[in-house]
Structures are given as C-alpha cells and as structure tokens.
Amino acid sequence: VQLQASGGGLVQTGGSLRLSCAASGRTFSSTYGMGWFRQAPGKEREFVAAIAHNGISINYADSVKGRFTVSRDDAKNTVYLQMNSLKPEDTAVYYCAAQQGGSWNSPSYRLSDYPYWGQGTQVTVSS
C-alpha cells in the first residue's frame with residue numbers, strides 16, 4: 001500500500017486548507033481504516049483524525065474538533081482532511097496512514113496501529 005499526501009501550504013490564521021491522501025497498491029481496498037497525524041518541529045507525532053473503513057465512524061483529537069473534518073471517497077481511493085479556522089499551532093507536517101480493517105466503531109488514534117504511512121505534507125499557518 002502506497003500513500004501520497006498533498007494539499008499543504010501556507011495560510012493565514014483563520015484560513016482553510018484541504019489535504020488529500022491518495023492510496024494505491026493492489027492490496028488496498030475500502031476495508032482499510034485511515035488516519036491523519038501531524039508532527040510539529042521538536043514535537044512528537046500526534047493524532048489528528050481517523051475514519052473507519054465503513055466511512056461512518058470517525059474520531060478527532062480534541063484540539064481539532066469542530067474545525068477539521070475527515071472524509072473518504074472509496075471510488076477514488078482518497079481520504080480528505082478539511083481544515084478550517086486554522087491556527088498557528090496547527091503548523092506541522094501532516095501524514096496520512098492506513099491500517100487494514102481496524103475497529104468499525106472507534107477508529108484508532110494510536111500511531112502503532114497504522115503500518116502504512118505517506119510522506120507528509122507541510123502546513124504552515126501564519127499569525
């Protein structure tokens with residue numbers, strides 16, 4: 001499974017960005033749970049959002065609830081992260097990740113549950 005994240009960039013405080021994560025590989029299918037994580041300079045990688053393979057169950061980190069929305073389009077093998085009301089503290093490299101199967105009602109927030117990772121896309125929010 002290969003993951004390609006895109007859509008990052010420079011935006012002002014209060015602005016919006018939409019990240020995309022395109023999945024490929026002969027084994028990838030809609031049975032994969034997907035997650036978004038981020039890593040700011042000097043900090044550990046942290047959970048942002050996750051969506052179960054059923055596309056219904058979703059988890060968010062408290063820091064992004066009400067501002068970020070995760071979704072998936074299985075016909076395009078793509079997962080999205082819509083980020084609104086961005087803050088300087090959202091500045092980080094954002095990574096998408098995939099796990100085969102996973103919980104259908106509580107998609108995982110743990111990095112260790114995701115064996116497949118994309119290369120990351122930089123999001124910078126200026127104050």
Side-chain angles (χ1 to χ4, degrees):
V1 175
Q2 293 82 45
L3 303 174
Q4 180 74 38
S6 62
L10 174 63
V11 64
Q12 291 185 334
T13 296
S16 298
L17 284 173
R18 189 177 80 155
L19 305 183
S20 299
C21 175
S24 61
R26 64 182 182 90
T27 61
F28 185 82
S29 72
S30 59
T31 62
Y32 278 66
M34 302 294 294
W36 285 98
F37 297 80
R38 66 187 182 187
Q39 187 167 17
K43 295 187 177 181
E44 294 186 349
R45 195 169 298 188
E46 65 177 9
F47 170 72
V48 176
I51 184 167
H53 53 80
N54 59 16
I56 298 174
S57 298
I58 291 173
N59 275 335
Y60 293 103
D62 288 343
S63 59
V64 306
K65 279 181 182 177
R67 299 188 299 122
F68 290 11
T69 303
V70 62
S71 61
R72 63 190 294 159
D73 184 342
D74 289 332
K76 297 181 179 180
N77 283 351
T78 301
V79 176
Y80 304 98
L81 184 67
Q82 177 67 44
M83 305 186 296
N84 299 329
S85 301
L86 283 162
K87 306 174 181 179
E89 50 263 44
D90 294 319
T91 295
V93 177
Y94 283 71
Y95 298 89
C96 60
Q99 62 168 173
Q100 190 170 14
S103 172
W104 64 270
N105 63 343
S106 183
S108 177
Y109 58 88
R110 288 184 290 266
L111 279 74
S112 58
D113 285 342
Y114 293 86
Y116 306 105
W117 290 81
Q119 86 292 357
T121 184
Q122 176 71 47
V123 171
T124 303
V125 185
S126 63
S127 57

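Keep in mind it's a predicted model, so treat the numbers as computed, not measured. Heavy atoms only: backbone and side chains are in, while hydrogens, waters and symmetry mates are out.
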Under 3.5 Å, is there a donor-acceptor pair linking the side chains of [X] and [Y]?
X	Y	answer
R38	Y94	yes
Q122	T124	yes
T78	D73	no

Going only through I, L, V, M, F, W and Y residues with side-chain contacts under 4.5 Å, is there a path from [X] to [Y]?
X	Y	answer
V93	F47	yes
V1	I51	yes
Y109	V64	no
Y114	Y80	no

Test item: [X] and [Y] side chains (from C-beta on) under 4.5 Å apart, heavy atoms:
X	Y	answer
M83	L19	yes
S24	N77	no
V79	V70	yes
Y32	H53	no

If only atom types and distance count, is the side chain of [X] paired as donor or acceptor with the main-chain N or O of [Y] below 3.5 Å?
X	Y	result
T31	G101	no
N54	S57	yes
T121	S6	no

Between [X] and [Y], which heavy-atom pair has the shortest distance, and what is it?
X	Y	value
A40	A92	N-CB, 3.8 Å
Y95	G118	CD2-O, 3.6 Å
S108	D113	OG-OD2, 2.5 Å
S106	N59	OG-ND2, 3.5 Å
A52	R72	O-NH1, 3.0 Å

Could you tell me how the ring of F37 sits relative to the ring of W117: parallel (under 30°), tilted (30 to 60°) or perpendicular (over 60°)?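 Plane angle between 30° and 60°, so tilted.
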
Could you walk me through whether W36 and C21 satisfy the side chain to side chain contact (heavy atoms under 4.5 Å, CB included) test, starting with their C-alpha distance in whole Å, then the side-chain angles of each, then the deciding distance to 0.1 Å, before giving a yes or no? CA-CA 9 Å; W36 285 98; C21 175; 3.7 Å; yes

About how many Å separate [atom2] of [Y] and [atom1] of [X], when rounded to the nearest 0.5 Å?
X	Y	atom1	atom2	answer
S126	Q12	OG	CD	5.0 Å
S71	M34	OG	CE	11.5 Å
R18	L81	CZ	CG	10.5 Å
E46	S63	CD	OG	5.5 Å

Can L86 and F68 be said to form a side chain to side chain contact (heavy atoms under 4.5 Å, CB included), step by step? CA-CA 9 Å; L86 283 162; F68 290 11; 3.8 Å; yes

Before giving the answer on side chain to side chain contact (heavy atoms under 4.5 Å, CB included), spell out for S16 and Q82 the whole-Å C-alpha distance, their side-chain angles and the decisive distance to 0.1 Å. CA-CA 8 Å; S16 298; Q82 177 67 44; 4.0 Å; yes

Decide yes or no on side chain to side chain contact (heavy atoms under 4.5 Å, CB included) for L3 and Y116, but give the supporting numbers first. CA-CA 8 Å; L3 303 174; Y116 306 105; 4.3 Å; yes

Test salt bridge (charged side-chain N to carboxylate O under 4.0 Å, His left out) on K76 and D74 and set out the steps. CA-CA 5 Å; K76 297 181 179 180; D74 289 332; over 6 Å; no

T91 and side chain to side chain contact (heavy atoms under 4.5 Å, CB included): which single residue from V11, V125, V123 fits? V125

